[in-house]
Amino acid sequence: MSVLDAPAGSGPRTGGMDGTALVPVFVRLKLTLLRNGLRQSAGRRAAYIASVVMTLLIAAGQLIGLIALRGNAHAESLVVLLAAVLALGWAVMPLFFAAGDETLDPSRLVMLPLRPRPLIVALLMASLVGIGPLFTLCLTAGSVIALAHGAGAAVFAVVAAPLTLLVCVALTRAVATANSRLLTSRKGRDLAVLSGLVIAVGIQAVNFGAQRLGQAGGLSALDPAADVVRWLPPASAIGSVESASQGSYGRAAVQLLLSVAALALLVWLWQRSLVKLMTAPDGSTLAAAEPNRAKSGSRGAGLWALFPEGRTGTVMQRSLRYIARDPKTKAAWVTALAIGLIVPLLNAMQGTGSVYFACFAAGMLGIQMYNQFGQDTSAFWMVAAAISSTRDAYLELRARALAMLLITLPYTVLVTVLTCAVLGDWKTLPGVMGLSFALLGAMLATGAVASANFPYSIPQDGAFKNVAPGQAGLAWISIFGGMVSAALLCAPVIGATIWLHLAGAQGWLWLLLPVGGAYGALIAWAGLRMAAPRTADRLPEILAAVSKG
């Protein structure tokens with residue numbers, strides 16, 4: 001039993017130190033870690049100093065800009081939403097950038113004879129040391145200055161600014177502690193690979209929001225969202241300043257108390273996770289592993305039992321497990337899923353898109369069929385050892401395509417329906433869906449052929465290194481050559497779609513749904529049949545190519 005579980009007055013003592021006495025110790029520890037990290041190289045010191053200067057300049061600019069909003073009728077809407085965005089950023093920061101702060105890993109403190117409450121206080125105070133808290137404090141200070149009018153509002157402002165910062169810091173600590181074992185595991189590395197995608201998607205969302213804000217004519221477009229967010233901690237603390245400025249002290253008190261309650265809840269959850277982390281066994285211990293073995297003892301349990309027997313079901317399971325577990329494969333799929341949804345929907349929301357932009361989703365997912373054997377890397381030798389004939393190769397390729405269809409078909413339908421719903425153009429839904437199915441079938445066909453003729457290795461080192469040196473030409477030929485071929489194979493369905501529109505026969509567009517589906521299935525079958533003998537004949541060359549990295 002850890003000292004965190006020991007009753008008061010028992011177990012190892014901490015020299016009589018309470019939370020207040022521990023605070024300077026942990027603050028010095030945080031500063032020492034920072035100083036030692038900067039001593040490693042001059043380049044690291046230069047990068048850190050440059051980042052500090054840049055952050056301070058941005059913070060100063062934001063502070064001045066927020067103060068300039070003082071007196072604006074819609075200032076509260078902006079600063080309240082800004083507080084919510086800050087809290088969201090603090091919540092996801094440890095999931096994507098845990099490696100940047102070693103103090104986010106509380107498992108390093110397991111062997112220290114410290115009690116939970118003093119430890120929580122000390123860690124919370126030490127967390128306030130850094131550029132991130134200073135930047136957040138500047139934004140919260142500018143926010144309350146922009147809203148505070150009168151002595152009563154000033155009193156609420158003095159409490160609201162540091163309270164907002166404390167809620168943000170407690171939130172990031174609670175998330176980091178609850179996911180401490182995740183952040184130090186393989187799944188944590190998966191998150192690091194996907195962090196770039198999340199940031200890119202977030203930037204696009206912010207850009208779209210800014211465009212919509214400009215089209216709406218100013219900050220007044222934020223009022224509906226702010227009316228809801230001002231009651232959500234920690235934005236409610238900022239909202240309490242505006243309520244006090246209007247003389248609604250009762251509402252201001254309730255909003256402030258909501259943030260105080262949120263802080264108390266986060267600290268309690270943080271403490272509970274900390275105790276569990278330091279006292280409960282993890283999956284590496286025998287006691288924790290045995291139930292997992294019993295649970296996973298039967299092959300094909302759960303949803304896997306629905307898969308067909310034999311080689312087809314086994315290959316489908318293997319392909320789906322690659323998608324779920326391999327960082328590079330997962331990153332590629334998540335990128336395709338995100339971009340395939342964002343592009344048609346953003347264009348539809350801006351009123352400049354067409355329902356046929358939904359076909360972009362099928363195209364993005366169809367690319368995943370290219371270089372099917374590259375994701376296996378050197379482990380492809382086990383697959384090659386099980387292929388002794390053209391039929392074996394066909395079954396392997398068909399099973400991989402079926403595994404992809406389990407994701408791509410419902411996703412294509414979802415994106416098409418959402419795009420038509422946003423644009424309000426339901427008449428063309430069958431035609432768009434039929435064209436998407438035809439495109440998806442064509443890309444499955446050309447992807448199988450390209451995988452057999454132009455395989456290349458996917459290096460495991462480096463999050464953004466997807467082609468081994470010397471194989472870039474193979475990758476370009478495989479992907480772009482296959483995409484052009486897929487477009488040409490879809491020419492009959494594309495031509496039929498254009499003819500129906502030009503002839504004014506939109507009422508017959510529903511025929512494209514069965515025609516496109518059947519055509520896509522036929523093309524996919526033909527492509528797999530064509531790729532199978534080539535795969536069986538070129539197994540040694542494919543193995544050498546995919547094992548190069």
Side-chain angles (χ1 to χ4, degrees), residues 27 30-72 74-104 125-148 157-158 160-169 171-173 195-196 198-211 213-214 218-219 222 234-235 237-238 241:
V27 170
K30 182 72 174 285
L31 294 175
T32 300
L33 288 172
L34 177 60
R35 183 178 66 250
N36 292 342
L38 296 178
R39 284 178 176 175
Q40 294 183 9
S41 66
R44 176 172 291 193
R45 287 194 296 272
Y48 181 79
I49 293 174
S51 64
V52 169
V53 172
M54 183 63 66
T55 302
L56 291 177
L57 289 176
I58 295 175
Q62 295 291 329
L63 178 61
I64 296 173
L66 289 170
I67 295 176
L69 286 175
R70 185 176 175 84
N72 188 292
H74 304 286
E76 186 206 9
S77 298
L78 177 63
V79 298
V80 163
L81 292 176
L82 177 62
V85 172
L86 277 174
L88 179 62
W90 277 93
V92 302
M93 181 181 65
L95 298 178
F96 295 139
F97 305 105
D101 187 356
E102 293 182 350
T103 64
L104 284 174
M125 293 299 104
S127 301
L128 298 178
V129 177
I131 300 301
L134 178 59
F135 181 81
T136 303
L137 184 60
C138 290
L139 293 185
T140 55
S143 298
V144 296
I145 292 174
L147 299 180
V158 171
L163 178 60
T164 301
L165 175 60
L166 288 174
V167 172
C168 290
V169 173
L171 177 60
T172 195
R173 283 290 181 173
S195 61
V198 175
I199 294 173
V201 172
I203 291 174
Q204 291 299 321
V206 171
N207 179 47
F208 174 70
Q211 293 179 2
L213 184 62
L219 297 177
L222 301 177
I238 303 297
V241 180

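Hydrogens, waters and symmetry mates are skipped; everything else that's a heavy atom, side chains included, is used. Quick caveat: nothing in here was measured; it's all calculated off a predicted structure.
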I need the minimum non-hydrogen distance between [X] and [Y], along with the two atoms involved.
| X | Y | answer |
| --- | --- | --- |
| Ser127 | Arg173 | OG-NE, 2.6 Å |
| Leu171 | Ala87 | CD2-O, 3.4 Å |
| Trp90 | Thr172 | O-OG1, 2.9 Å |
| Thr164 | Ala237 | OG1-CB, 3.7 Å |

- Do Leu66 and Leu82 come within less than 4.5 Å of each other through their side chains, counting heavy atoms only?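 A side-chain contact exists here, since the closest heavy-atom pair is under 4.5 Å.
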
- Task: Could you check if a side-chain atom of Leu166 sits within less than 4.5 angstrom of a side-chain atom of Leu128, using non-hydrogen atoms only?
- Result: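 The answer is yes, as the side chains (C-beta and beyond) meet within the 4.5 Å cut-off.
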
At what distance, to the nearest 0.5 angstrom, does [atom1] of [X] lie from [atom2] of [Y]?
| X | Y | atom1 | atom2 | value |
| --- | --- | --- | --- | --- |
| Leu88 | Leu81 | CG | CG | 12.0 Å |
| Ile67 | Ile145 | CD1 | CD1 | 4.0 Å |
| Cys168 | Leu139 | SG | CG | 10.0 Å |

Would you please name every residue forming a side-chain contact (heavy atoms from CB on, under 4.5 Å) with [X], sequence neighbours left out?
| X | value |
| --- | --- |
| Ile64 | none |
| Leu137 | Thr140, Leu165 |
| Ala83 | Ala235, Ile238 |

Under 3.5 Å, side-chain donor or acceptor atoms of residues 56-63 against the rest of the protein: list the pairs with distances, not counting sequence neighbours.
none

- Sequence neighbours excluded, every pair satisfying salt bridge (Lys or Arg N to Asp or Glu O under 4.0 Å) that has a member inside residues 74-92: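 Found Glu76-Arg230.
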
